[in-house]
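Okay, so here's the structure we're looking at.
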Amino acid sequence: MALLDVRNVSIEYTTEDGVLKAVEDVSFSLEVGESVGLVGESGCGKTTLAKSVMRLLSKNGRISEGQMMFKGEDLVTKSEEEIRKLRLKEIAMVAQSAMNALNPVYTVGDQLIEGIQIHTDMSREQARERAIEVFKMVGLEAKRLKSYPHQMSGGMKQRAIIAMALTLNPSLIIADEPTTALDVVVQDRILQQVIEIQKKINSSMILITHDISVVSETCETIIVMYGGKVMEKASTKAFFTKPVHPYSLGLNNAFPSIHEIGEELISIPGSPPNLMQKQVGCRFRARCPFRTEICMEEQPPLEEVAPNHFSACHHNKEVERFREESQKRETWEKVRERIIEEIRRDVS
Ligand SMILES: Nc1ncnc2c1ncn2[C@@H]1O[C@H](COP(=O)(O)OP(=O)(O)OP(=O)(O)O)[C@@H](O)[C@H]1O
């Protein structure tokens, strides 16, 4: 049995301007010890999906369809009380803005020890010992337990937050851009530590990032999202050697290591769809160099193109040609011209 089985989940936000469908019909599963990288441009629904697993969506958000089976039980239908018990102990999240999660008026140690005591029957002394242990795991000295948040650097605070998330050996860690606020060298070091600990305690992990190079180094599986839907899902090995979806091909071009140093990267022209509007056809159609008529009308299903490799494109069979053409700058230049032409036409 998978640890987490997300089945046909849709999530929407009610706003003053109408309903925004942030995630639509997303399915994936996660085995014990597996790490999945969730990637895609800003606004594609990564954080929404992650928060929904913790049932931490903002008040105007709701899971409108689907199931999220965790250890065989549906998280969607659990009561608030049941979910609270699972948080931290079973499912822990290191959020994007985690550094603001520390309470400024208590020492970091007190906050960590209290968190441990709420979820376990450990004495204060036992909880303190566990806190020291996890601090060491993330590279913080025990004396730092006595520090207030303002006495720590950004990197230290983030380590403390990670220590808190990992302290009860959760079965599932959700790391949402856990290191973006930090400088690149510190980012890399902290991320490596998180992965090391995740492997040691055999947790599963969902790592959310817009940087696909991070996923290639740290995750076994990659899920590429676009406009609230899964476009491609594969083992990272297969994805980085043979990506299939045109959006993934575009993302790969923006990935520095496959290019000569100094060469200008090719970005995907245009921007993601407005999720307040009803979506017709493939969501990537506006920016896709290879679209045809069917792409304008029908939403492509997620098809298995090789064992455990899925892509949602009407033209999966033409991938060899797409791979070759997507490497050329003029392929994307034509998309840019097409987009400009369409805007001109709409305006006039
Ligand atoms: N509370 C909210 N109310 C209304 N719309 C929201 C809310 N939170 C997110 N959205 C919208 O839902 C969509 C998905 O947003 P989400 O933050 O999940 O994307 P993301 O891929 O995590 O982006 P980022 O990488 O910038 O965090 C976006 O269109 C966003 O504007």
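If you're wondering where the values come from, they're calculated on a predicted model, not measured in any experiment. One-based numbering, in listed order, for ligands and for the atoms of each.
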Tell me whether ligand 1 is touched by [X] - counting only heavy atoms on the residue side and a distance under 4.0 Å.
X	result
Gly61	no
Cys44	yes
Glu41	yes

With nothing but distance in play, are any N or O atoms of [X] less than 3.5 Å from an N or O of ligand 1?
X	value
Thr48	yes
Gly45	yes
Ser42	yes
Ala22	no

**Complete:** All heavy atoms of Asn252 vs all of Pro243, minimum pair found to be ND2-CG, 3.0 Å
**Asked** Which of parallel (below 30°), tilted (30 to 60°) and perpendicular (above 60°) describes His150 and Tyr148?
**Response** parallel
**Message:** Can you list everything that forms a side-chain contact (heavy atoms from CB on, under 4.5 Å) with Lys242? Sequence neighbours excluded, please.
**Reply:** Arg323
**Asked** Asp5 side chain to Ala2 main-chain N or O, any donor-acceptor pair under 3.5 Å?
**Response** no
**Asked** Okay, side chain of Arg291, backbone of Arg285: is any donor-acceptor separation there less than 3.5 Å?
**Response** yes
**Message:** I'd like to know if Glu325 and Arg321 make a salt bridge, using a cut-off of under 4.0 Å between side-chain N and carboxylate O.
**Reply:** yes
**Request:** Using the side chain to side chain donor-acceptor pair (under 3.5 Å) rule, collect all pairs that involve residues 226-235, keeping only residues at least two apart or in two chains.
**Result:** Tyr226-Arg287, Glu232-Ser248, Glu232-His309
**Request:** Would you kindly specify which portion of Asn60 sits under 4.0 Å from ligand 1, judged on non-hydrogen atoms: side chain, backbone, both or neither?
**Result:** side chain
**Request:** Identify, by atom number and element, the atoms of ligand 1 in contact range of Thr47, meaning under 4.0 Å from any of its heavy atoms.
**Result:** 17 (O), 18 (O), 20 (P), 22 (O), 27 (O)
**Prompt:** What atoms of ligand 1 come closer than 4.0 angstrom to any heavy atom of Thr15?
**Reply:** 4 (C)
